[in-house]
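Letters go in sequence order (proteins before strands), and every chain restarts at 1.
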Amino acid sequence: MTLSVIFVATALLLVGLAAGFVMHRSDFCMAGAFRDLFLFRSAFMLRPLFLLIVMASVLFETERQLGLIDVPFPFFTAPTLFSLLGGVLFGFGMVIAGGCVMGVLYKLGSGSRPALFALAGLVFGSALYAEWHSYLAPLVKQTTLTKKMTLPQLIGLPALWLVLVFVLLGSTVLWRWWRGGRLQRFSQVTSYLQPWQAALILALLSAVSAAVAGVPFGVTTSYLKWAAGLEQWFFPEHMSGMTLFIVQPVQLVLPFSGAVITGGAGPALDAVALIQYPLIGGIVLGAAFSTWRLREWCWRGRVPVRQLVAAFAGGILMAFGSRLSPGCNVWHLWGGLPIFALSSILFVMGLFPGAWLGSRFIARVVFSKET
Amino acid sequence: MTSPEESVLDIRGQVCPSSLLTTLRLLNMNAESLRRGEMQVRVLTDSRDAVVTIPNAAANMGFHALIEKSPAGHYEVVISHVAN
């Protein structure tokens, strides 16, 4: 079993390192992709994101056909109204925070102080959610829209057919964009990686994560675990009574040994820690390495307090959005959409109005009268 | 010919999209001075995305942008009326 644990941790660390490096070199910011659509009328970054989704769809279906993964992935839930509302909340939060849950990590690795505040907000928001979990969880369940989890299940068609249609249509659109030069842009930064290249690499990394850990990229439960750890330190009696931190719903079958380990949102080093901590650490370190290699580490400049407050508040909103959905933008965009998970379709639909609201808010409030 | 006055905008460390929004605000406020060649704007940024978006926005307003990488690790985008 020890060897299996080392294998999983090492593989996911390497995946994280590569992801952090690639995201920094291409500035693959998903919050910006949605935000800039409304703030600057630019859909540029949504195109490589679409390429990533199409590519991931092909890779996941291939892995499913080979028996490497189960679809739907474990921990995807039936769609609820809160899948949509969580998306709206998350979309608003990620725009005012200046990055999503993954964006915060690679930006932290490259020296961003607001990202540190957003991360603090994510942990604090997770702790706040935990206080209300026992009231919110039944409410979320009451708004379940259907017991089916994916679109193929809902319409009664084999997933392979839907993947083929999606990839065919998607490839046509991508080809037109490529011919029109709309997937590339000129940049004079050192060692710029085109976002479409980053998208292909990230889709591959997501597939590797799914093959190794059984689930696609996901990091937000770790923020709950860190919140639990802090509460255990400062308020141990209060924390010991919170069911969200006690139950262990996650079961991971380790490769090679077949041993099963469990995990949950509590502070222990368990299955969740095994599949998320190396990824998180890898993304931060990968981005830091990229920044260091380019000699772009820069801890200068005055950051207005308003932006730091917005980053912290955005982190709190993202924490709530990801708990209610459940899942963050990466979980749904890179993992759920490619398998046509209904909760992910609703979450992504919610991202658009959330990002629109966030864009209006930052233009009028966060960045007003600043130089 | 006198050198244009230079206005320095230091937005290093700030949250996206502060780089572009703040730069656009400054360019709009000083558009006439920039067009007459009396002024140029030097933007200090550590945002790799801003090094793409700021020159594009400046070009759309009819200005030129020169990009320099500082030994300190950040980028400097110099926006002026004349071609560089």
Side-chain angles (χ1 to χ4, degrees), chain A residues 24-29 31-32 35-36 39-40 42 44-45 95-99 103 107 110-115 117-118 185-193 195 290-292 294-304 306-311 314 359 362-363 366-371, chain B residues 5-31 33-34 39 41-61 63-79 83-84:
Chain A
H24 175 256
R25 289 292 166 108
S26 61
D27 212 350
F28 202 89
C29 178
R35 176 199 67 219
D36 291 353
L39 205 54
F40 304 119
S42 168
F44 176 75
M45 280 304 295
V95 169
I96 70 171
K107 290 177 190 196
S110 59
S112 166
R113 277 161 288 167
F117 279 72
R185 66 179 177 183
F186 174 69
S187 175
Q188 292 187 54
V189 295
T190 315
S191 299
Y192 184 62
L193 182 68
S290 173
T291 308
W292 172 75
L294 296 177
R295 299 179 202 274
E296 288 182 5
W297 184 270
C298 185
W299 199 257
R300 294 185 186 82
R302 184 190 74 86
V303 184
R306 224 184 291 193
Q307 291 186 23
L308 298 175
V309 171
S359 304
I362 57 171
V366 182
F367 299 127
S368 65
K369 297 178 187 173
E370 287 182 358
T371 56
Chain B
E5 176 192 337
E6 185 170 272
S7 175
V8 178
L9 181 62
D10 185 353
I11 43 177
R12 291 174 293 177
Q14 295 196 21
V15 173
C16 284
S18 170
S19 312
L20 183 55
L21 279 177
T22 314
T23 304
L24 283 174
R25 193 174 291 129
L26 188 64
L27 294 181
N28 279 319
M29 277 169 50
N30 299 282
S33 300
L34 278 157
M39 181 184 176
V41 171
R42 179 179 294 267
V43 182
L44 277 55
T45 179
D46 54 2
S47 164
R48 289 166 66 84
D49 186 63
V51 178
V52 177
T53 56
I54 291 176
N56 285 343
N60 286 340
M61 295 175 74
F63 301 125
H64 295 273
L66 174 70
I67 294 147
E68 303 162 357
K69 188 169 181 181
S70 161
H74 62 270
Y75 289 88
E76 298 190 7
V77 184
V78 183
I79 301 166
N84 300 303

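Of the listed residues Val51(B), Asp49(B), Asn56(B), the one with more heavy-atom pairs under 4.5 angstrom with chain A than any other is Asp49(B). Listed options Leu39(A), Leu308(A), Thr190(A) were ranked by heavy-atom pairs under 4.5 angstrom with chain B; first place goes to Thr190(A).
Residue Tyr75(B) places its OH atom among more than 12 non-hydrogen atoms of other residues, nucleotides or ligands, all under 6.0 Å distant.
A side chain to side chain donor-acceptor pair (under 3.5 Å) with His74(B) is found for exactly one of Arg12(B), Lys69(B), Glu68(B), namely Arg12(B).
Taken to the nearest 0.5 Å, the CD1 atom of Ile362(A) stands 12.5 Å off from the CZ atom of Arg306(A).
Contacts of Arg25(A) with chain B are made by both backbone and side-chain atoms, with heavy-atom separations under 4.5 Å. With a 4.5 angstrom heavy-atom cutoff, Phe186(A) touches chain B only via backbone atoms. For Arg185(A), the part lying under 4.5 angstrom from a heavy atom of chain B is the side chain only. Heavy atoms closer than 4.5 Å to chain B are found in the backbone of Ala97(A), but not in its side chain.
Gln188(A) contributes no side-chain N or O that, together with a main-chain N or O of Ile67(B), makes up a donor-acceptor pair within less than 3.5 Å. Here the side chain of Asp27(A) pairs no donor or acceptor atom with the backbone of Cys29(A) at under 3.5 angstrom.
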